[in-house]
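Numbered from 1 within each chain, the chains take letters A, B, ... in sequence-line order.
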Number of protein chains: 2
Amino acid sequence: MTRATPPAKPPGRPRAGIDAVVFAATLRTVHELGYTGATMDRIAAAAGVAKTTIYRRWESKGALIVDCILDAFGPLRPESTDRVEILTSAIRLAAAKIGEPGLAAAFAGVFVDAISDPALREVLSTRLQAPYLAALQDALGEPEHRVLLFIDVVVGTLLHRMGMTGAPMVDADVDALTEMVLRQFTASDDPA
Amino acid sequence: MTRATPPAKPPGRPRAGIDAVVFAATLRTVHELGYTGATMDRIAAAAGVAKTTIYRRWESKGALIVDCILDAFGPLRPESTDRVEILTSAIRLAAAKIGEPGLAAAFAGVFVDAISDPALREVLSTRLQAPYLAALQDALGEPEHRVLLFIDVVVGTLLHRMGMTGAPMVDADVDALTEMVLRQFTASDDPA
DNA sequence: GAGTTACGCTACGATCAGTATCGATACCAG
DNA sequence: CTGGTATCGATACTGATCGTAGCGTAACTC
């Protein structure tokens, strides 16, 4: 493994390690006030950091939220070759993460903003959607449109539930969702 | 049937019938610019109506959008007693409507705003969610939590697809979704 | 100590939701 | 035709928010 970061230190005052604090403050604020109510001033205040400092690292509120979601989800690394297990663990991971306070609201908010903001759409697509799609497609060996439908069903359902009720989906419903999805995605080959 | 609207005309200048024009302009603007980009000034201009006139009828942007969605969906009236047919037609209706230009973005936008705006949450819940839930529950004779999961899966999936791609779900995927949902919701009784 | 860069702070420009006000307009009752 | 009433359009305004500019200070390297 070659060193990815050459030790050449840049001159000047080094950046303070504020990412973790800002991410936590962001999720906390979004959880309490919703995406719209979570203003950059409030997030900065909650993090104990100047707003200008945040804007030096993230180009917009949407970009901050996307990074926040990425940080919360973490890398997706399928550990199995068993299709049932891959699908099941992906659903459980999604359910657990989307159920975390603030994450669903953050997700939905950045989603809506991306519709009218091409730059944010690009960030969302490149950093969030593409990697997870590729990882799943790679693990499952399925055609893209099947994996896309899988993602739509799982993430869409979980987000809709959180948006409707404000509470995470109960385990019984997650089980039902899993059962339903498994029947569809472990059945015979793609009929289309 | 007794007359619901007694003919007592209120004094003063009658209101102009602008609802249809405003709804059309709203959906058109949301389709072109997204929920965030569809400002009330732009919607009013597109409708050829003063912004103040819109605010005389709808208490907020969110309330206007909710009415707009209601108008687009229309009343839900299950015409069959066959469970498969009820579910199938409900999914097709949802897919067709959510695929209409602007509707998905309007839906998602009002959803996000409702999280931080209790008044809007109330409007959304009372006028949109409750009626459709009741109608479906009545037609299917299923426990509430099953119908809620059905709605989450169908609407959530369709909205997520529209948000991701900006284009309506293709028929083949709607068929796959229908097939998957039918297997789950026409199976043996609620296992929970 | 000189150079460079990050930080916090304050102020600012632009945009948008929603309100206030005012003259003009349309309808009804007498 | 006249008075009363409520709507319409237009303009101006308030307050909140995103994002930026400028400045003095702090931290780190050479």
Notebook entry, point to check: Given that A/Pro11 and A/Ala38 both sit by DNA chain D, which one's nearest nucleotide is further toward the 5' end?
Noted result: A/Ala38
Measure [atom1]/[X] against [atom2]/[N] and give the value in whole Å, please.
X	N	atom1	atom2	value
B/Asp117	C/dG18	CG	C1'	12 Å
A/Trp58	D/dC18	CH2	P	16 Å
A/Arg15	D/dC28	CZ	P	15 Å
A/Tyr55	D/dG19	OH	P	4 Å
B/Arg13	C/dA26	CZ	C1'	5 Å
B/Ile65	C/dG18	CD1	P	11 Å
A/Lys61	D/dG19	NZ	C1'	12 Å
A/Asp113	D/dG19	CG	C1'	14 Å

List, with names and distances, any nitrogen or oxygen atoms from the protein found under 3.5 Å away from nitrogen or oxygen atoms belonging to nucleotides 9-15 of chain C.
unit_1, atom_1, unit_2, atom_2, d
C/dC9, N4, A/Thr52, OG1, 2.9

Next item on the list: Name every residue in residues 23-36 of chain B that has at least one heavy atom under 4.0 Å from any atom of DNA chain D, in order of residue number, or write none if there are no such residues.
Entry: none
Check: When you check the side-chain N and O atoms of A/Thr157 and B/Asp152, is any donor under 3.5 Å from an acceptor?
Finding: no
Item checked: Salt bridge flag under 4.0 Å for residues B/Lys61 and B/Asp113 -> no
Check: Any idea which heavy atoms bring A/Ala105 and A/Val30 closest together, and the distance?
Finding: CB-CG1, 3.7 Å
Next item on the list: Grab the two heavy atoms, one from A/Gln129 and one from A/Phe111, that are nearest each other, plus how far apart they are.
Entry: NE2-CE1, 4.1 Å
Item checked: Side chains of A/Ile65 and A/Trp58 in contact at under 4.5 Å (non-hydrogen atoms) -> no
Next item on the list: Assign the ring pair A/His160 / B/Phe107 to parallel, tilted or perpendicular, where the plane angle (0 to 90°) is split at 30° and 60°.
Entry: tilted
Notebook entry, point to check: Quick one: which of D/dG9, C/dT4, C/dG18 gets closest to the side chain of B/Ser60?
Noted result: C/dG18
Note to self: If you assign each of B/Gly12 and B/Glu59 to its closest nucleotide in DNA chain C, which residue comes earlier from the 5' end?
What the structure shows: B/Glu59
Next item on the list: Under the side-chain contact (heavy atoms from CB on, under 4.5 Å) rule, what do B/Ile115 and A/Tyr35 come out as? Steps first, then yes or no, please.
Entry: CA-CA 8 Å; B/Ile115 296 178; A/Tyr35 181 86; over 6 Å; no
Using residues 90-102 of chain A as the side-chain source, report each donor-acceptor pair under 3.5 Å to any protein atom, sequence neighbours left out, with the distance given to one decimal.
unit_1, atom_1, unit_2, atom_2, d
A/Arg92, NH2, A/Asp175, OD1, 3.1
A/Lys97, NZ, A/Ala72, O, 3.1

Note to self: Using 0.5 Å steps for rounding, measure from the CZ atom of B/Arg15 to the OG1 atom of B/Thr53.
What the structure shows: 9.5 Å
